[in-house]
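Okay, so here's the structure we're looking at.
Indexing begins at 1, ligand by ligand and atom by atom, following the structure's order. Predicted model, so just to flag it, every value in this text is computed and none were measured.
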Amino acid sequence: MVAGLCFFAVFLADNYTGLTTINSRSQYNYLKALSKSMMTLSEAIQRDQNDSLKHYRSHFIMDDPDLIYLDGNSLGMLPERTPAAIQKVVRQEWGDRLIRSWNEQWFERSQKVSSKLSEIIGAHPDEVIISDSTSVNLFKLAWAALHHQKDKKTIVSDELNFPSDLYVLQGLKKIMNQNHEIRLARSKDGITVSAEEIEKQLGRNPALLTLSHVTFKSSFMYNMKEITNLAHEKGSLVLWDLSHAAGSVPVNMHESNADLAIGCTYKYLNGGPGSPAFLYVKKELQENLTSPIWGWFGQNNPFQFSMNYQPAPGIERFMAGTPPLLSLSTLETSLDLLLEAGMENIRKKSTDMSEFMISLVKQYLYPFDFKLSSPEDFHLRGSHLSLKHPEAYRISKALSEPVQNRKTVIPDFREPDNLRLGLSPLYNTFREIYESIMEMRTIVEKKEYLAFDQSKSKVT
Ligand SMILES: Cc1ncc(COP(=O)(O)O)c(C=O)c1O
């Protein structure tokens, strides 16, 4: 409160020198509205002061004080310790130790980092492996599940799922050539999918249900346990894509009793561009499932160079080839930060931030054609928010390429009219949320987005 009043006084001194008397109703209303908005800024500052995770921000590289990064749901920021970690792998482990590093530490590195990741998703270390990309891991596990459920032909997903996941299923259907049917659960509001709809699509004899735990556009979060139980009752295996969930919401594979999971590590896990994905296979299922890619890293004893493939006894059977050592090492530094901060604390801050953002959106952006396109109830949301606006694309450009002396805000855009705002509790602040909403308001109020054309960049 005191901070807010001080700020208000300074703001008036800076901006309204000469305005000594309030001589009209409209000036009065204007100042009243202004003071209300400033109280919200002071509230943001207050929240930052009380934030128990605030010191984690300094663990990330932030050279530009005028940049507000709201895209950690696509590519997480660079942890401060990561350049030194990668320098060590490149300079010492590769440069000095050369091939000897394989025996010294590289061969076990994938397992070591996987075991850290397993803590984040409530699994045992011998149930998780880091390898390949999310799409490739989905291919491996979906094939394994369908092969295991030979007599069942129904694959169920939903229309909110990430397109790459659906492409992988379409490709599998084609190459397996066994008359599988892919059914997509529909969303009535474009934001959520009901459990009843999933149940309906599962039908009587489903082979596999595969969904994103947190959907990429609307941020809708399924109740993993409820949906898994529902599918299990019908004899289906369940495979979750955790790309938008791992590191942003508490996930517990054991509690939810899910069979399989995959996910990327470059979003909330801050592993860096192209860092390898992970996969999870429930312990009891491992011996019954086979990977479709019989590579030497999934072989029982790769360095015996046997001419015939024998799958490794545990989760390693789902590896294929040589793991990407450089990005495995960048991932490790970031996982350490997440584990130290604790997923419950991260979730608490994430929901506080998204609630705060929604209240600002309603107050400042609803009058300008914005609409919330994520669930209102935070129990049903991940850690990003989607806003719809007919000019979403040009607004996203105006935010990220601002005129002089204004903050640069980096969100992302998803077709056809979604502005996605990622809130990463380890480095985003309440003040950033406040300032980015104010930027959006100015851009639409002054129609600054008209200065940009509609042509899309390759990557949005
Ligand atoms: C939910 C989801 N699934 C799958 C993918 C594809 O991941 P990858 O490029 O690692 O295959 C992404 C990429 O952003 C994603 O968001």
Side-chain angles (χ1 to χ4, degrees), residues 70-76 110 113-114 117 120-121 128-143 155 157-172 182 184-185 187 191 193 208-222 224 227 238-249 251 258 260-280 292-293 318-321 323-324 326-328 330-331 334 374 381-386 410-415 418 420-424 458-460:
L70 298 182
D71 211 2
N73 54 309
S74 259
L75 175 68
S110 180
V113 184
S114 303
L117 204 149
I120 287 173
I121 61 164
V128 176
I129 203 78
I130 297 175
S131 69
D132 306 305
S133 67
T134 317
S135 308
V136 171
N137 285 339
L138 175 63
F139 177 86
K140 292 190 290 189
L141 293 193
W143 184 89
I155 306 168
S157 187
D158 70 19
E159 62 180 2
L160 300 184
N161 208 349
F162 193 70
S164 182
D165 290 24
L166 302 180
Y167 307 154
V168 168
L169 298 178
Q170 290 159 14
L172 270 173
I182 300 172
L184 295 188
S187 166
I191 297 176
V193 177
L208 175 67
L209 170 66
T210 177
L211 299 166
S212 288
H213 181 31
V214 174
T215 61
F216 82 106
K217 227 188 263 184
S218 75
S219 194
F220 168 57
M221 180 167 68
Y222 279 102
M224 190 187 275
I227 299 292
V238 185
L239 194 172
W240 291 98
D241 184 335
L242 303 179
S243 296
H244 286 274
S248 75
V249 300
V251 174
L260 307 159
I262 51 162
C264 73
T265 61
Y266 41 74
K267 301 181 193 293
Y268 297 99
L269 298 179
N270 310 310
S275 59
F278 63 90
L279 63 80
Y280 161 89
I293 305 172
F318 293 100
M319 290 186 80
L326 300 188
S327 37
L328 259 179
T330 61
L331 178 58
S334 162
S374 294
R381 268 199 325 260
S383 201
H384 65 275
L385 287 180
S386 240
I410 302 189
D412 66 17
F413 166 80
R414 286 293 170 266
E415 292 284 1
N418 287 275
R420 273 197 321 182
L421 307 162
L423 304 171
S424 284
K458 263 196 201 142
V459 177
T460 58

>> Applying a heavy-atom cut-off of 4.0 Å, say which part of A277 lies close to ligand 1: side chain, backbone, both or neither.
In response: neither

[atom]: the protein heavy-atom neighbour that sits closest, reported with distance to 0.1 Å:
| atom | answer |
| --- | --- |
| atom 10 (O) of ligand 1 | T134 OG1, 2.9 Å |
| atom 12 (C) of ligand 1 | F162 CE2, 3.3 Å |
| atom 7 (O) of ligand 1 | Y266 OH, 3.1 Å |
| atom 11 (O) of ligand 1 | S135 OG, 2.6 Å |

> Are any of the N or O atoms of S164 closer than 3.5 Å to those of ligand 1?
Replying inline: no

Atoms of ligand 1, numbered as shown, that sit under 4.0 Å from any heavy atom of [X]:
| X | result |
| --- | --- |
| D241 | 1 (C), 2 (C), 3 (N), 4 (C) |
| H244 | 1 (C), 16 (O) |
| K267 | 13 (C), 14 (O), 16 (O) |
| D165 | 3 (N), 4 (C) |

>> Quick one, I130 and L328 - any side-chain contact, counting heavy atoms below 4.5 Å?
In response: yes

> Quick one: does N418's side chain have a donor or acceptor within less than 3.5 Å of a partner on R420's backbone?
Replying inline: no

> Under the ring pair (Phe, Tyr, Trp, His ring centres under 6.0 Å) test, which residues partner F220, sequence neighbours left out?
Replying inline: Y222

> Quick one: ring pair (Phe, Tyr, Trp, His ring centres under 6.0 Å) partners of F216, sequence neighbours excluded?
Replying inline: F162

>> If the test is side-chain hydrogen bond (donor to acceptor under 3.5 Å, both in side chains), which one of S212, S218, S219 qualifies with T215?
In response: S218

> L279 and S131: which non-hydrogen atoms are nearest, and at how many Å?
Replying inline: CD2-OG, 4.4 Å

>> Using 0.5 Å steps for rounding, measure from the CG atom of L242 to the OG1 atom of T134.
In response: 10.0 Å

